[in-house]
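So the structure is just underneath, and the comments pick up after that.
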Amino acid sequence: MIGSPRHEGMMQRLLVGRMFQGRLLPESMRTADGGRVERRTDIRFSFDGADYLGCGGDTLASALLANGVHLVGRSMKYHRPRGIVAAGAEEPNALVAVVRGGGRTTPNLRATQVELFEGLEAHSQNRWPSLNTDLGALVALAAPLLPAGFYYKTMMGPRGLGLWHRVFEPLVRRAAGLGRAPRVADPDRYARYYAHCDVLVAGAGPAGIAAALAAGRGGARTILCDEQAEPGGALLSEIAALIDGIPAREWLAQSLAELAAMPHVRVMPRTTAFGCYPHNMVGLAERVTDHLAAPSPDQPRERLWRVRARRIVLATGAIERPLVFPGNDRPGVMLAGAAREYLLRWGVKVGSRVVIATACDTAYRAALDLATAGVAVKLVVDLRAAADGPLPQAARAAGIAVLAGGRVLGTHLRGKRLDSVLLGRGDDGRRRWFDCDALLMCNGWTPAVHLHAQARGALRWEGERGVFLPGEPAPGVESIGACNGATDLAMALAQGAASGGGAVPVVEGEVPALPGPAHVDAAVAGDAFVDFQNDVRADDVRQAVAEGFHAIEHVKRYTAGGLGTDQGKTGNMNLLALAAAARGTPIPELGTTTFRPPYTPVSFGTLAGPARGEMFDPVRTTPLHAQAVAEGAVFEDVGQWKRARYFPQAGEDMHAAVRREVATTRAAAGLFDASTLGKIEVVGPDAAIFLDRLYLNAIATLKPGRCRYGVMLSEAGFVMDDGVMARLAPDRFHVTTTTSGAAHVLAHMEDYRQTEWPELRVWLTSTTEHWAVLAVQGPRARDVLAPLVAGDISAAALPHMAVRDLKVAGIPARMMRVSFSGEQGFEVNAPARHAPALWDALRPRIAAAGGTVYGTEAMHVLRAEKGYIIVGQETDGTVTPGDLGMAIGRGKGDFIGRRSLARPDMLAADRRQLVGLLSDDPALVLEEGAQIVAQSAPPPGTKALGHVTSSYFSPALGRSIALALLAGGRERTGERLFVPLARGSIGVAVAAPVFLDPQGGRLHV
Amino acid sequence: MFEIAEAPPATRLMLRGAPEVAARAGAAFGVVPPLEPCRANQAGERAALWLGPDEWLLLAPSDADATKLAAALEGLVHSLVDVSDGTEALLLHGAGAALALSAGCPLDLHPDAFPPGMATRTVLGRIGITLWRRGAADWWVEVARSQAAYARAFLAEAGRGW
Amino acid sequence: MLLIPCPFCAMDRPEAEFRHAGEAHLTRPPDPAAADDAAWADFLYHRANPRGVIAERWRHVHGCGRFINVLRDTVSDRILASYRPGEKRP
Amino acid sequence: MRFSLLSLLRESLRGHRGWPAQWRDASPKPAYDVVIVGAGGHGLATAYYLAAECGLRNIAVVEKGWLGGGNTARNTTVIRSNYLWEESEAIYEHSMKLWQDLSHALNYNVMYSPRGVMMLAHTVHDMQVIRRHVHANRLAGIDNELLSPREAQAFCPILNIGRDIRYPVLGAALQRRGGTARHDAVAWGYARAASALGVDIIQNCPVTGLRRQQDGAIAGVETARGFIAAPKIGVVAAGHSSVLMAMAGVRMPLESFPLQALVSEPVKSVMPCVVMSNTIHAYMSQSDKGELVIGAGTDAYPSYSQAGGLHIASDTLEAVCELFPTLRRLRMMRSWGGIVDVTPDRSPIIGRTPVPGLFVNCGWGTGGFKATPGSGHVFAHTIAKGEPHPIAAPFTLDRFRTGRLIDEAAAAAVAH
Ligand SMILES: Cc1cc2nc3c(=O)[nH]c(=O)nc-3n(C[C@H](O)[C@H](O)[C@H](O)COP(=O)(O)OP(=O)(O)OC[C@H]3O[C@@H](n4cnc5c(N)ncnc54)[C@H](O)[C@@H]3O)c2cc1C
Ligand SMILES: NC(=O)c1ccc[n+]([C@@H]2O[C@H](COP(=O)([O-])OP(=O)(O)OC[C@H]3O[C@@H](n4cnc5c(N)ncnc54)[C@H](O)[C@@H]3O)[C@@H](O)[C@H]2O)c1
Ligand SMILES: Cc1cc2nc3c(=O)[nH]c(=O)nc-3n(C[C@H](O)[C@H](O)[C@H](O)COP(=O)(O)O)c2cc1C
Ligand SMILES: [Zn+2]
């Protein structure tokens, strides 16, 4: 598994897990009070085998930080030690595996989104043997050789040796990947639902909540979802502001209570709106049990919601941008807003001595709040020339040192944790190391326009702040709050309320943050990372541009920036800015990369839902399934149907069983369940004309009470289906189709009926499932049936290809004298509910007549002996009736497919035609699909003359037989050809495709 | 959350034709096939569901005699086909039934959008069904005989975990 | 999954209930035998496949069972109109 | 500059500042001998072979966006040649041979990786279909072998061959030379090599019209950056082929559908080969970076949106989870769509058109990446000579008139 966690754990426990009276000491970075965590109960969890304590309401990330743990992962390419950067979905570094045993291991989870529960076991990834000592980091020694796209330039080896595939690729693949896929099948259940609403609000920050309140108060059916465990967004870490006169957090509680009380509003925490799809369909992924220590087996792990919303309101907030400077990826360097969130929401100090580097006012909020909490804020380095907005002023007033026009030039680690940072002034080259255990950075905020863009909304560049904002949205979609450029609480609430026409809440006590453009240092070099997860550095971006990768999509693909599991949520804007700078074009000209679902990764299981095993696709069984099971049938899947393939008796394999079934049916009688055949009742004065236009055969001339074989062509002239047309009355036909063609044939017929010939008075009704079909075939078929039938079924009264409604065993049945076996045959159609009774009446009589039940395999042999085709076996969509030796019905006019048959290549002499094949060795059964050639030792590249479509041992002939499609085949009867098989070529003689009773005498008795 | 019961066997007739066919059939059958889209009319144990502009499903007790109806339609161009054994009906009852159905049915099943008295063909997961809301918490689900087991299992699964 | 207004059911219905049935308003030559191979190939195979508004057929197979015509923009996938077969393209 | 370990070493000493642009970002000249419309893999390969093998130098490739940004950027990179019909076998095998040496020919590692493509059978009918393929391929000298479920699992250990799934695996056909290549590298490698031979690759230059002369022959292309004259034009625009051909008044037997694909988050190597199941619609391999690359289906309707419905991803993941139940907890990291141009017989159209001087290469649908080198090669020769290369000859536009279709769809549901 992952390293050797247990052993590693012991080691770390000695170092970290200081015990006191048999109990782990609580974490050291937790504040004494404040935050929203449940402090009374300790939650025990482990990371890389070391045990820790956390609080209720913690995420794995907050709990680790509370324990002073910053190092949580290794980067993809260089295995650089990495710490927690963010507090939410955007986290690029802190990817962990959560192990729950029994197939419940999940890789690549963001520690910032994993909720703590008692006994949680998490592990770091992509390191060996341990997170602390990772040999993979040796790659860094070769880093100069591994710039962007290095693999395209090398690892090819000398020509002709395939060294890439044989040598280099296996090495690359061994190194690649982050977490490990589980080895055991996932036992958890997943569920999937559709939902509908008037308003879907994605994101439950102040903007989203205000929007949901307004919508809900107006009576709209509303769904408010948020990916976090607790709705509230920025309000969860707002301690100063008052909304409508009450503290923000109180307003939040009141608002949520009000929403909960509205029956038409549904608030869904732990639910990510991950994708916007055409026509206002939004995909939501709800996590149901992952946060529970002991989930109920009744609950699905996750639910997929496919929501159709009249209005989609996006309130997904903004994502803080990192700064790109050398060493910006060190554990201990994190986003300032995240640090503030850890403090105010989880009561966790991310460090005790912090330096803050920022290009945006909001970082001063972190400075102020951290200072208030007793953290030593040693300096705020503002990268802007001036830092004199209200927030910087407030910071200075609070005694925090502010350096405007500063720069971060490097960082230094002690062990695997930041211990100092090198700062300089932009202008004078002075530089100085500051010692600190956390460096907080902020490079402005990127509105989370992901869903807006996915919904095909346009983006608009706002140069002053250096952000893309939602432009013209897709119909029914709107964006509010920080994702729409709102920079403060008041604005977020106002936009939210306005989206539903609600009253705008009044905000007091918030010091405004002045927005400014993002900071780009176009020349920054070295270990200055743009994409943390994929180890893309500013150097790589510039190199890509220099190598001609000018489009931002090229830069992305060449550097791999934004291709990681975070999809560049934090990094993409920096990447864009650097690429634009390298090209010397403005950012908007370069544009963004495409926003694609999902917003954050979604489990395969969630998307697949409950569809597994029999829920993957329905298992359709015939009304006689239980009877077949009782007879010991072996089933095969034909489409969704289970069909009895053969009925082995003791000691029989398939071949023996089939031989017996075939021989017995020919000698006496056989009973076959043909219920899966498609059936369509075609009714109306124009029914005959209609069918005449759809089938190759002459249907109009068919007399009531009689049946005719029919072949249906596609308009392109190829055989599409076949069946029997039984004319029940002048205006009524019972039409059968193949099992797998049933739905398609009905659709094809409806198409012509409704749109091509709407003037025809005819209707189609599917009766496939109404009728069960019991085929009784064989020379003794009539003997089996006659005593059960109320009526005359003699050859005179019910000749071959006749149909009659009769009672059989007291059951009203539609009796058709048809045969797919070449024997005297009856197909008894009985209403499905009566099928078992009919079977029970027939089965002993079959036995008494020395007959058998038989399955699809015997049916195939019986029909092949007669040269009857199976659509889909003798045909494959490229076969014309002429190829099969079928003639167009006499006196017919136009019908579907006819015109196509007259195209030059449909008449070509070299078309493959249906023939019989007899192998030289009568015991040898050719392989189906085998090719036919003229030479006994065909050199590679020999053109095939045709192929074997069906091949069996024929009990009736006492030898093997085969059907084949052969170029100019009918002309070749008697020719000797070859069928190359793996073990050598087999000589075959071309024969007529009917092997048994060509005159059909057996049918008519 | 809800219960699934099986409806007793029924007589099911697929009626096709122009509005006057519906009118005349109504007199003989006892329930007028609705002309309004996606509606069902019901009288006692008989019902007529609009399935398409010239298509109705007539439901009657299993011992009902269709010959009277056939006779009444004599002379009008139409199609009447017995499909009694082609489908089964699952009867869902309970407040959670709509939610369970919505696991596989993409229609809006809120009573404002799918009120009692509405009926239509639609889908449930991988199969087609005919869905008729008979009351606020009562649903009649017509499902092909060979797919009934799937439908039952599907709904049972969808109802778990709430 | 698209939401398609059905003129027979008189409401918007989900794509899952429909089967797409190709370009609309293709007319089968009234006398196919009289059509030359090129004209016949045009009917059988050649399609406008526009980038923009397309008139296409859908069958509301799990609904009213009817074929309908729909005008849809193939770039935005927005539906502009739906109407019954035989009616003029709006 | 030749790419090699040596050049990499040298450049690393200079901080990688010395790499030249891999291709020139050309601006249009007034006239060329040949203009290729569409800088996808096929268009770039065509230009490269025109320059490298056909003695032509004055060639432009005109691209509306960024080169390689169409389906070349979006496909699941499955390469194989075990098609059914001789015509298809010939062109895909031609391509396969070129793949084997492509990295060296282009001096660009396109990461062609013959890891084996395994096609699963789930029904008796499937078994018949794959057997027929195996026989046909063997006769053509193309490797393809039949595997038992156990052998299939040995080849791909995470494959579930148990009876507990709806459609258990009954067998598989394996083409060992089949595999994958790095899609982007293919476009870039051809672009670089073509550019080095003097081909102008003109990006951000949508073709807005095809101008014809009085006598009907092609005169050149109208573009957003002006008119470009050329006596020969090759349209290689994949999903947009209908739109372009309509500019010359030619109706095509094509429909353009959104085809989706998706990737999981990267995980350590679990999947050594490519597995495809046409019957239950699952197509999966693992990239060298570690993501599982999964091909989903097309939407039901034609669209140029490069985006499709959520149910398409769901459908394919249902199948993936049936076959690979240990992957159910992995997560979809990104999904996207391409626009594929589908012909009625699912085979491409390569060759002349009714407009003299206008050539087209399209209709590769869901499966043309694997053909990139072969398609470009035969198309280049077709354009240069003015008549079809023998391998391209069967793939005429005219086959839809005469009925000589090459129907790969008939025997297998899709042709990835
Ligand atoms: C999701 C997906 C998965 C796939 N999987 C596979 C697979 O596994 N194996 C396989 O073999 N094939 C696969 N394919 C198919 C394969 O990608 C395509 O058949 C093949 O890439 C098409 O050729 P191309 O590369 O030249 O097309 P493209 O790369 O699409 O090139 C066409 C170019 O023409 C340009 N263009 C269009 N209109 C204009 C205009 N007016 N002016 C200028 N330029 C224009 C486009 O911008 C584009 O760059 C897949 C396709 C998709 C979408
Ligand atoms: N300069 C800025 O833009 C900026 C910077 C920092 C903070 N703020 C503050 O942020 C607040 C803005 O309020 P807001 O409501 O717009 O944003 P917010 O950040 O408070 O709320 C957004 C919420 O959306 C959720 N979310 C995001 N994507 C989601 C998805 N795909 N699915 C489900 N949930 C998702 C998040 O979990 C979060 O709870 C104000 O208080 C403002 O002061 C603004
Ligand atoms: C074989 C293959 C592998 C891919 N791997 C990744 C990946 O690891 N990460 C990622 O974000 N995107 C990946 N993509 C998807 C691309 O980011 C992108 O979505 C695709 O090229 C389509 O372009 P578009 O989304 O910009 O329209 C991959 C694409 C292909 C074809
Ligand atoms: Zn309808």
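Below, chain A is the first sequence line, B the second, and so on; all start at residue 1. This one's a predicted model, so the numbers in the text were calculated from it and none came from an experiment. Because only heavy atoms are used, hydrogens play no part in the values below, and waters and symmetry mates are left out as well, while side chains stay in.
Ranking D:A319, D:P272, D:P344, D:A90 against chain A, the residue ahead of the rest is D:A319, based on heavy-atom pairs under 4.5 Å. Note on A:Y558, A:F718, A:F168: by heavy-atom pairs under 4.5 Å with chain D, the leading option is A:Y558. Among A:H554, A:Q543, A:E614, A:E636, the residue making the largest number of heavy-atom pairs under 4.5 Å with chain D is A:H554. Of the listed residues (A:D188, A:N108, A:T949), the one with the most heavy-atom contacts under 4.5 Å to chain D is A:N108. Between chain D and the residues A:P144, A:G877, A:P940, A:A176, the largest count of heavy-atom pairs under 4.5 Å involves A:A176. Of the listed residues (D:L67, D:L9, D:L13, D:V134), the greatest number of heavy-atom pairs within a distance under 4.5 Å of chain A belongs to D:L67. Chain A forms the most heavy-atom pairs under 4.5 Å with one residue out of D:L139, D:D315, D:V270, D:L317, and that residue is D:L139. Comparing D:L8, D:L327, D:V124, D:L310 by heavy-atom pairs within less than 4.5 Å of chain A, the highest count is held by D:L310. Note on D:G141, D:A136, D:S103, D:C321: by heavy-atom pairs under 4.5 Å with chain A, the leading option is D:A136. No other option in D:G15, D:A313, D:A307 has as many heavy-atom pairs under 4.5 Å with chain A as D:A307. Of the listed residues (A:E928, A:M906, A:R557, A:H279), the one with the most heavy-atom contacts under 4.5 Å to chain D is A:R557. When each of A:T106, A:T878, A:L145 is checked for heavy-atom pairs under 4.5 Å with chain D, A:L145 comes out on top.
Shortest non-hydrogen contact noted between A:R903 and D:R401 is CD-O, 3.4 Å. Here the closest heavy-atom approach between residue D:S335 and residue A:P598 is recorded as N-CD, 4.2 Å. In plain terms, the two heavy atoms of D:E322 and A:G613 that are nearest each other are OE2-N, 2.7 Å. Nearest approach of D:P266 to A:M76, heavy atoms of both residues: CB-CE, 4.1 Å. When all heavy atoms of D:S113 and A:W164 are compared, the pair lying nearest together is CB-NE1, 4.4 Å. Considering all non-hydrogen atoms of both residues, D:K268 and A:A175 come closest at NZ-O, 3.5 Å.
With a threshold of 4.5 angstrom between heavy atoms, A:P939 approaches chain D through N, CA, C or O but not through any side-chain atom. Within the 4.5 angstrom heavy-atom criterion, no atom of D:I142 approaches chain A. With a 4.5 Å cut-off on non-hydrogen atoms, A:R166 does not touch chain D at all. With a threshold of 4.5 angstrom between heavy atoms, D:N107 approaches chain A through its backbone and through its side chain. For D:P20, the part sitting under 4.5 Å from any heavy atom of chain A is the backbone (N, CA, C, O) and nothing else. Residue contact with chain A, scored on non-hydrogen atoms closer than 4.5 Å, involves the side chain of D:L405 exclusively. With a 4.5 angstrom heavy-atom cutoff, D:M271 touches chain A only via backbone atoms. Heavy atoms of D:Q286 lying under 4.5 Å from chain A belong to its backbone as well as its side chain. Looking at D:A185, both its backbone and its side chain come within 4.5 Å of chain A, counting heavy atoms on both sides. Residue contact with chain A, scored on non-hydrogen atoms closer than 4.5 Å, involves the backbone and the side chain of D:A105 alike. For D:E291, no part lies near chain A; criterion is any non-hydrogen pair under 4.5 Å. Neither the backbone nor the side chain of A:V638 comes within less than 4.5 Å of any heavy atom in chain D. Only the side chain of D:I294 comes within less than 4.5 Å of a heavy atom of chain A; its backbone N, CA, C and O stay farther away. Proximity to chain D (any heavy atom under 4.5 Å) is restricted, for A:A551, to the side chain, taken from C-beta onward. Looking at D:Y112, only its backbone comes within 4.5 Å of chain A, counting heavy atoms on both sides.
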Run the side-chain contact (heavy atoms from CB on, under 4.5 Å) check on A:T105 and D:R329 step by step: do they pass? CA-CA 8 Å; A:T105 294; D:R329 287 176 106 84; 5.9 Å; no
Steps toward side-chain contact (heavy atoms from CB on, under 4.5 Å) verdict (A:Y152, D:M111): CA-CA 8 Å; A:Y152 302 121; D:M111 302 181 193; 3.8 Å; yes
Salt bridge (Lys or Arg N to Asp or Glu O under 4.0 Å), that's the test. Do D:E318 and A:R192 meet it? Break it down for me. CA-CA 12 Å; D:E318 289 177 10; A:R192 205 158 59 175; 2.6 Å; yes
Salt bridge (Lys or Arg N to Asp or Glu O under 4.0 Å) between A:D905 and D:R399, intermediate numbers included: CA-CA 9 Å; A:D905 277 316; D:R399 72 179 186 271; over 6 Å; no
Report the C-alpha distance between A:L981 and D:H135 in whole Å, list the side-chain angles of each, state the deciding distance to 0.1 Å, and finish with yes or no for side-chain contact (heavy atoms from CB on, under 4.5 Å). CA-CA 8 Å; A:L981 299 180; D:H135 282 293; 3.6 Å; yes
Evaluation steps, side-chain contact (heavy atoms from CB on, under 4.5 Å), between A:F549 and D:Q22: CA-CA 8 Å; A:F549 294 85; D:Q22 298 195 7; 3.6 Å; yes
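In this structure the side chain of A:Y151 never reaches within 4.5 angstrom of the side chain of D:R182, judged on heavy atoms. By the 4.5 Å heavy-atom criterion applied to side chains, A:E169 and D:D288 are counted as neighbours. Annotation: side chain of D:I165 is not in contact with side chain of A:F616 (no heavy-atom distance under 4.5 Å). At least one side-chain heavy atom of D:Y301 sits less than 4.5 Å from a side-chain heavy atom of A:P278. Residues D:E11 and A:P147 fail the side-chain proximity criterion, which asks for heavy atoms closer than 4.5 Å. Contact of the D:H311 side chain with the A:Y277 side chain is not registered, since no non-hydrogen atoms from C-beta on lie closer than 4.5 Å. Between D:R138 and A:Q931 the shortest side-chain heavy-atom distance does not fall below 4.5 Å. Considering only heavy atoms from C-beta on, D:S7 stays 4.5 Å or farther from A:K153 through its side chain.
Distance alone, capped at 3.5 Å, places no donor-acceptor pair between the A:R542 side chain and the D:R17 backbone. Under a 3.5 Å cut-off, the side chain of D:E86 and the backbone N or O of A:A944 do form a donor-acceptor pair. D:R328 places no side-chain N or O within 3.5 Å of a backbone atom of A:S603 that could act as its donor or acceptor partner.
Within a 6.0 Å sphere centred on CZ of D:R14, heavy atoms belonging to other residues, nucleotides or ligands number more than 12. Surrounding CZ of D:R10 are more than 12 heavy atoms belonging to other residues, nucleotides or ligands, all under 6.0 Å away.
For the atom pair NE2 (D:H16) and CG (A:L146), the distance works out to 8.0 Å, reported to the nearest 0.5 Å. In this structure, the separation between CG on A:L907 and OG1 on D:T402 is 11.0 Å, given to the nearest 0.5 Å.
Ring pair D:W336/A:F595: centre-to-centre distance not below 6.0 Å.
A donor-acceptor contact closer than 3.5 angstrom links the side chains of D:Y167 and A:D617.
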